[in-house]
2 protein chains.
Amino acid sequence: MPRDEQALRATVEQSAAVLTAAGFPRMPARVLMALLVAEQGGLTASELGEQLGVSAAAISGAVRYLEQIGILHRVPQAGSRRDRWEFLDDAWYTALMAKSPVYGVIAELGDRAADAIGDEQAAGSLRAREMARFYRFIDERMPDLMREWEGLRER
Amino acid sequence: MPRDEQALRATVEQSAAVLTAAGFPRMPARVLMALLVAEQGGLTASELGEQLGVSAAAISGAVRYLEQIGILHRVPQAGSRRDRWEFLDDAWYTALMAKSPVYGVIAELGDRAADAIGDEQAAGSLRAREMARFYRFIDERMPDLMREWEGLRER
DNA sequence: AGGAAGATTCACAAAATTGTGAATCCGGCG
DNA sequence: CGCCGGATTCACAATTTTGTGAATCTTCCT
């Protein structure tokens, strides 16, 4: 039982707002943050709906989205249909930052644009190639970074 | 003059679509990619409008947004009101990845959530603290990564 | 100064997102 | 076997986002 329920809820909403501002869909962000601060064992869909003051349908959509992204997983409860939802404890942020193939994709598109331009010396081509190189670099270094974090994580 | 104008435009749209899917606003994404592949000297607002097939108003809003983010800058043309817009050639991706203070903010919110929970041993508190530590880690390492890139960049 | 070309702003229309209520579905239990 | 609690889906309503056209403003050129 939290010491300061009021402040906790406020922080959940603020964190969700930050994610939303960063382009993350609103409802999934709220669910995500609610589960972040949840007790061991996660929450059921109806508990989430109650905490956030939204309909069951909204929760259903949000958890489906988050599960697909690979940030959440459903924990079936033995002998009950009230599944609980919880974090992939240690993996969710690495999933968020590293597993996303978006960097590689962007690099690919940069190269394709340069190819379409044709003249390798054209300003646009140079920029596109450099973008490709940059995102390729990020794409390669990110796993290293995550490994470094894993090491740090154990203390 | 690009060898394959058709393919170039298609790639521009695809790249913009990727950014959009990642939560980036649509019109700014298209403008950004159009300028990425532009010739030396950038493009004017009306050229952008023509290339993308949208109104001048849409361009105006998009470039204002991008300038504020710090990804674009306006280059006043001597003796003309047709300013050109171009990339901050080498800085835009580093701006995109590193200058954003969002990691530090999230770390802050994680700690605040743990404080609100009170019991440091509670599952939610542990998760929140770990999130804070992780984003703090990213926030610290990102500048290093950008420096490493700068080194690589020159060959 | 006056005219003109282009950029910006504003009010509004179109379109996409988001969340709801009601209906449907699913599994457990009496 | 049929009821009951709960989750999911669907059509729709509300809200927000996005882009347009018209009006306004700015600055260059004559």
Side-chain angles (χ1 to χ4, degrees), chain A residues 9 12-13 15-35 38 41-69 71-86, chain B residues 9 12-13 15-35 38 41-69 71-86:
Chain A
R9 292 287 159 80
V12 164
E13 292 301 339
S15 306
V18 170
L19 291 187
T20 299
F24 206 83
R26 175 185 160 78
M27 199 60 201
R30 298 180 68 199
V31 168
L32 186 63
M33 287 303 127
L35 282 171
L43 297 171
T44 65
S46 59
E47 284 169 338
L48 280 168
E50 193 179 347
Q51 275 204 18
L52 299 176
V54 297
S55 73
I59 297 297
S60 180
V63 293
R64 176 153 30 90
Y65 174 84
L66 290 168
E67 186 179 35
Q68 198 157 24
I69 299 295
I71 288 181
L72 242 58
H73 68 172
R74 162 192 258 131
V75 181
Q77 295 302 95
S80 164
R81 294 195 49 262
R82 303 175 112 178
D83 297 339
R84 310 190 85 83
W85 292 93
E86 52 178 40
Chain B
R9 294 287 159 79
V12 164
E13 292 301 338
S15 307
V18 170
L19 291 187
T20 299
F24 206 82
R26 173 185 161 78
M27 197 61 199
R30 297 180 68 199
V31 168
L32 187 63
M33 288 302 126
L35 282 172
L43 297 171
T44 65
S46 58
E47 285 169 337
L48 280 168
E50 194 180 347
Q51 276 204 17
L52 299 175
V54 298
S55 73
I59 298 296
S60 180
V63 293
R64 177 154 30 90
Y65 175 84
L66 290 168
E67 186 179 34
Q68 198 158 23
I69 300 296
I71 287 181
L72 242 57
H73 69 172
R74 162 192 260 130
V75 180
Q77 296 301 95
S80 165
R81 295 196 49 261
R82 303 175 110 177
D83 297 340
R84 311 190 84 83
W85 292 93
E86 51 179 39

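The sequence lines fix the lettering, A, B, ..., with proteins before strands; numbering per chain opens at 1.
Out of D:dT18, C:dA7, C:dT18, the shortest distance to the side chain of A:P25 is found at C:dT18. Taking every side-chain heavy atom of B:S55 into account, D:dT20 is the closest of D:dT20, C:dA7, D:dT8.
Around CD of A:E50, the count of heavy atoms belonging to other residues, nucleotides or ligands within 6.0 Å does not exceed 12.
For the atom pair CZ of A:R9 and CE of A:M33, the computed distance is 15.0 Å after rounding to the nearest 0.5 Å. Considering NE2 of B:H73 and CD of B:E67, their distance stands at 9.5 Å, rounded to 0.5 Å. Distance check, rounded to the nearest 0.5 Å: CZ of B:R84 to CG of B:L43 gives 6.5 Å. A distance of 12.0 Å separates OH in A:Y65 from CG in A:L72, rounded to the nearest 0.5 Å.
Separating the CZ atom of B:R84 from the C1' atom of C:dA7 is a distance of 15 Å, rounded to the nearest angstrom. Summarising the geometry, the separation between CE on B:M27 and P on C:dT8 is reported as 14 Å, rounded to the nearest angstrom. A:E50 has its CD atom 11 Å from the P atom of D:dG6, to the nearest Å. At whole-Å resolution of the value, CG in B:L43 and P in C:dA7 are 12 Å apart. When rounded to the nearest whole Å, the span between CH2 of A:W85 and C1' of D:dT8 equals 11 Å. Atom P of nucleotide C:dG6 and atom CD of B:E47 are separated by 11 Å, given to the nearest angstrom. Per the geometry, CG belonging to B:D83 stands 12 Å off C1' belonging to D:dC28, to the nearest Å. Atom P of nucleotide C:dT18 and atom CG of A:L52 are separated by 16 Å, given to the nearest angstrom.
The stretch residues 57-67 of chain B touches DNA chain D through B:A57, B:A58, each having a heavy atom within less than 4.0 Å of the strand.
A:R74 comes within 4.0 angstrom of sugar-phosphate atoms only, judged by non-hydrogen atoms across all strands, and of no base.
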Output a table of donor-acceptor pairs, distance under 3.5 Å, between side-chain atoms of residues 18-32 of chain B and any protein atom two or more places apart or on a different chain; print 'none' if there are none.
residue : atom : partner : partner atom : Å
B:T20   : OG1  : B:A16   : O            : 2.9
B:R30   : NE   : B:E13   : OE1          : 3.2
B:R30   : NE   : B:E13   : OE2          : 3.3
B:R30   : NH2  : B:E13   : OE2          : 3.0
B:R30   : NH2  : B:L52   : O            : 3.1

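Residues passing the side chain to side chain contact (heavy atoms under 4.5 Å, CB included) test with A:S60: none are found, sequence neighbours excluded.
Close to D:dT17, at under 4.0 Å from its OP1 or OP2, lies no side-chain N or O of B:R26.
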